[in-house]
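Since we're looking at a predicted model, the values are computed, not measured. Per chain, numbering begins at 1; letters A, B, ... match sequence-line order.
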Amino acid sequence: MSEIPKAYEPQSVEDKWYQYWLGHDCFKADPARVSERRPAYAIVIPPPNVTGVLTLGHVLNNTIQDILARKARMDGKEVLWLPGTDHAGIATQTVVERTLKKQGVIKHRDDLGRDAFLERVWEWKEKHGGIIIQQLKKIGASCDWSRERFTMDPEYTRCVQHVFVDLYRKGLIYRGKRMVNWCPASLTALSDEEVVMKEQKGFLYHFKVEVVEEPGRFLTIATTRPETIPADTAVAVHPRDPRYASLIGKHVRRPLPLENQAPIPIVADDHIDPEFGTGVLKVTPAHDKADFEIGHRHRLPLIDAIHPNGIMNEHAGRDLAGLERFAARKKAAELLESIGALDKAEPYTNHVGYSERADVPVEPRLSEQWFLRYPGVEASRHCVAPPHDAEHPGPAHPAPAPHGHPGTIRFFPDRWAKVYDHWMGHLQDWCISRQLWWGHRIPVWYRRAEGAPSDAAPLETRCQIESPGPGWVQDPDVLDTWFSSWLWPFATMGWVGETEKDQHNATLRAFYPTVDLVTGPDIIFFWVARMIMAGIEYRGAVPFRNVYFTGIIRDKQGRKMSKSLGNSPDPLDLVARFGADALRFGVMRSAPLGQDVVYDEANVELGRNFCNKLWNACRFRQMQGGEVQAEIRPDLLTNDDRWILLRLDQAMQEIDRGYEEYRFNEISQTLYRFFWNEYCDWYVEASKAGLNSDQPALKANKVAVLDFVLSHTLRLFHPFLPFITEELWHGLGYAQDMPAPQGGVTLMQAPWPRPLSTEEREEWGLETSVDAVAAAKFELVTLGRNLRAQFNLPANKRLRFILKPAGEMPTHEVDVLRLLLCAESVEVVPGSWTAPQGTPSVANRLGDLFLPLAGIIDPAAERTRLGKDLEKIEAEILKVREKLDNPSFAQKVPAKVLAEHQQRLADWQTKKDQVLSALGNLAA
RNA sequence: GCGCGCUUAGCUCAGUGGUAGAGCACUUCCUUCACACGGAAGGGGUCGCAGGUUCGAGCCCUGCAGUGCGCACCA
């Protein structure tokens, strides 16, 4: 820091230190270093999509993880922050396929074939896969990059296959023909979690059908999907609905397709709500989950009238076949109308399941899929601590689990535990097969029975990782991406699922279970819950102890940040303009626990300004010269020195509490308040009196206090602002002062500052009265500055003030007052001194401060000003007195609060007297 | 329908029973030797509404109103 620019320039600093940290292996975790004195601390990154780019959500999420990791290192822990990426099946395959189509390489992925297409996806992954990792480095993420993992790495793939085979053998994975959520755009099955309900405006069509056995009698049916009428195989009514009781067992004539108006039975089923519509439901077992069950109960045939891609097929009849399902809906309504069967079509809003990924309505569809019955459900459900009960508060952090017990997990904020519990209590089997190419192929093999002549021959099935040999064909489907990511916390640590080997895996032994997980509540079911189940099933222990759920970053209109809306700023652009530290600080300051965050660039600007303030405060220290980090001499400490040491202590305590409860925005606010409002605004300004002293010992001691505060501040700031603090740590020479492994090489390894010990407080004379004295002094200064402003005296005009102290007033304190008041001089007068008539003044318990302007000022204006003050003071007195006068107040209130109120009253009384006397002086 | 949030200054938001806060924006003054990415002073709030508990409520309880998000097989 030999040549110090006036403003902080992050660009020249950030890359330098990131390379330095990498070069010194600062991010590397070594299980061999773990001991009782050096506990392990691990976080696994929520693996971003390998082809993704960094969003503000990632910045928030990963900054929190980086803060936790850096703090843990300073706490002396052996830290593993394990990074990696996810292959993101559908998303990645879609992107690559779309790109190849755009380039004109293919019309459909079938043009290439499975193997060739996958080659292209791997090429794409190699080319674009590193982007988000590089971006994470730009924001300072201190991951152990030597352990970076990808969910399709060979070892990881092996884990996935191993788990599949194991669950298959345990009978938890099975294949079945079921109704699944089918995405007609991606042409694959989806899990229930990948379907989002959306409001959809449409029509409720009422149409008539004739009862076959009673010609001339009609039933009216309400439906939102007339295009599925050709696939109806029954109509259903409630068994106890008197309107239709006589019709049960009879038939109606299905109106569509026109060329095949077949009779279908009227069945009775409890599922029907007699109140809804006409109380008659058309039953389409092949295209509706509930109808499928009704069909099952009544052994109804299935008619599948829709192709997988959403186009109506031949069963829909000649009028509808070939039409897309929504066009067919319109057409079906027209057909009904043309035969006079349509009663009415009333506008109607209902909820329809959409494919989250492709954003098209899912089509319930019967198909052969693989399902998982979740393992370890009961243990997983009970290991998460229920929401905090005010009457029975649990420990802030769960203790490590006793041997053989899976352990417990705390959620932050804890209300998510309820959501988790509800989901765990209503688990449905998980559809894990996907009709995609990109992903882990299902390790199941089929073979026709030997010598079998036709397709009708039964299939032999084997579930194992390697091919059983010639003649065996592997299942074409791949696994849901989450079926690999639910193994993330241990598969990334080299777990292989063989007891012997896993027991000798040092990383796994040292770092599993991890400590913290930081993720979004939107993947609580997708990922968090499933990881817990996998952890308990395969490691016998929960995968993490604390889960921090971030908020969701929204734009100013409250919308989620999304690529398609184009409302997400590019974080790297923000880094370029404001610096990585500024971005981190701005995001963290505005992200309270459990609350969504409205993004505002002003927050990042604030972060930049804060970095600049820090920079300049350190510059100021450097300009004072002198020995670095000298011993503080207690006998030379002024009240201001003691005050700032107390404020620092207070800040350290607040920050420690903040970390305990993951209240990062509070930490950042404490850092901001302490450094800017307490240290810079008051202490640094006041210290200039001592620094300008002609007594070298006084000046040296002042510098020693500056160093003490700054060296602590830089450490406190480091988890939030890693780059600038490292630069300043070295620039100010604090690194030279520390042992190499504890800050001598890098601030990253410096010990976390602890609140002051009783000994230190005693040695430095940090009594509580220090605060009161400082507060009174600063108040008097504000009053004096206010006086200056009241009389429109320019801020740069040097004024003479006169001080009549109420008690003792050391010379150096007068110097401080002079500096803070920006005064030419502050003349101290004895208690007997009386001001000339009409001299404006202010006062507090330290004394009276006069601005000798007699004759210059307008007594009337001054009287108005003082009158206003008096009004305010009397209102305050009234407020306090009202409380004190209440008889039960004195009886019931804690002594401390009572004393506070009495002191407050006394203070206001004093002020009132002073204002009254000033008014008297004016009038005389 | 059930569950969970949110409603505090013009804006974005902290506030965990004891004198209503921050940043931005606004008004006035100041390029004073760390910082104009800065300094000083100031204006601005019946804390969504109505009850209740309490000596005392922005905070706890009940109801209501707005708003957002989950979960849910009403076609």
Practice prompt. Mind checking A:Tyr205 for me? I need base, sugar-phosphate or nothing, with any heavy atom below 4.0 Å counting as a touch.
Written response: nothing

Fill in: Pairwise C1' distance, B:A41 and B:G56 [rounded to whole Å]
34 Å

Worksheet item: When you check the phosphate oxygens OP1 and OP2 of B:A22, does a side-chain N or O of A:Asn677 lie under 4.0 Å from one of them?
Response: no

Worksheet item: Looking at A:Tyr672, does the NZ or CZ of A:Arg589 lie under 6.0 angstrom from its six-membered ring centre and within 45 degrees of the ring axis?
Response: yes

Worksheet item: Base, sugar-phosphate, or nothing for A:Asp596, non-hydrogen atoms under 4.0 angstrom?
Response: nothing

Item to complete: Go through the side-chain N and O atoms of A:Thr228 and A:Lys282 and say whether any donor and acceptor fall under 3.5 Å apart.
Response: yes

Worksheet item: For A:Pro894, which contact category applies under a 4.0 Å heavy-atom criterion: base, sugar-phosphate, or nothing?
Response: base

Item to complete: Whenever both distances are under 3.5 Å in a Watson-Crick or G-U wobble pair, mark it; put RNA chain B into dot-bracket that way, with [ ] for crossing pairs and | when the partner is on another strand.
Response: ((((((((.[[[[.)..(..]]]].(((((.......))))).....[[[[[..)....]]]]])))))))....

Worksheet, complete the sentence: Comparing A:Ala7 with A:Asp273, nearest RNA chain B nucleotide closer to 5' gives the residue A:Ala7

Fill in: Passing option when A:Phe549 is tested against A:Phe412, A:Tyr662, A:Phe411 for ring pair (Phe, Tyr, Trp, His ring centres under 6.0 Å)
A:Phe411

Response to the item:
Per atom distances to the A:Ile272 side chain, the nearest of B:A75, B:C73, B:G38 is B:A75

Practice prompt. Run the salt-bridge test on A:Asp269 and A:Arg297 with the 4.0 Å N-O cut-off and return the result as yes or no.
Written response: yes

Item to complete: Report which part of the nucleic acid A:Thr782 touches: base, sugar-phosphate, or nothing (heavy-atom distance under 4.0 Å, all strands).
Response: sugar-phosphate

Item to complete: Send over the distance from A:Arg881 CZ to B:U19 P, rounded to a whole Å.
Response: 19 Å

Fill in: Whole-Å gap separating P (B:G18) and CG (A:Leu898)
16 Å

Item to complete: For A:Ser590, answer base if it contacts any base atom (sugar-phosphate contacts may also be present), sugar-phosphate if it contacts only those atoms, and nothing otherwise; contact means non-hydrogen atoms under 4.0 Å.
Response: nothing

Worksheet, complete the sentence: For A:Val195, the side chain to side chain contact (heavy atoms under 4.5 Å, CB included) test, sequence neighbours excluded, returns A:Asn181, A:Val362

Discussion item. Could you tell me how far B:C26 sits from B:G63 if I compare only their C1' atoms? Round to whole Å.
Written reply: 39 Å

Discussion item. Quick check: on RNA chain B, is the nucleotide nearest A:Arg608 upstream (toward 5') of the one nearest A:Thr278, or the reverse? Name the residue that is more 5'.
Written reply: A:Arg608

Discussion item. Main chain of A:Ile552, side chain of A:Asp596: is a donor-acceptor contact present, judged purely on distance under 3.5 Å?
Written reply: yes

Discussion item. Measuring only the P atom in each nucleotide, how far is B:A25 from B:C11? A whole number of Å is fine.
Written reply: 15 Å

Practice prompt. Provide the distance between the two C1' atoms, one in B:C55 and one in B:C60, to the nearest whole Å.
Written response: 16 Å

Worksheet entry | Sugar-phosphate only, base, or nothing, as touched by A:Leu606 at under 4.0 Å among non-hydrogen atoms | sugar-phosphate

Worksheet item: A:Phe664: what forms a ring pair (Phe, Tyr, Trp, His ring centres under 6.0 Å) with it, not counting sequence neighbours?
Response: A:Tyr548

Practice prompt. Establish whether the base of B:C4 is bridged to the side chain of A:Lys418 by a donor-acceptor pair shorter than 3.5 Å.
Written response: no

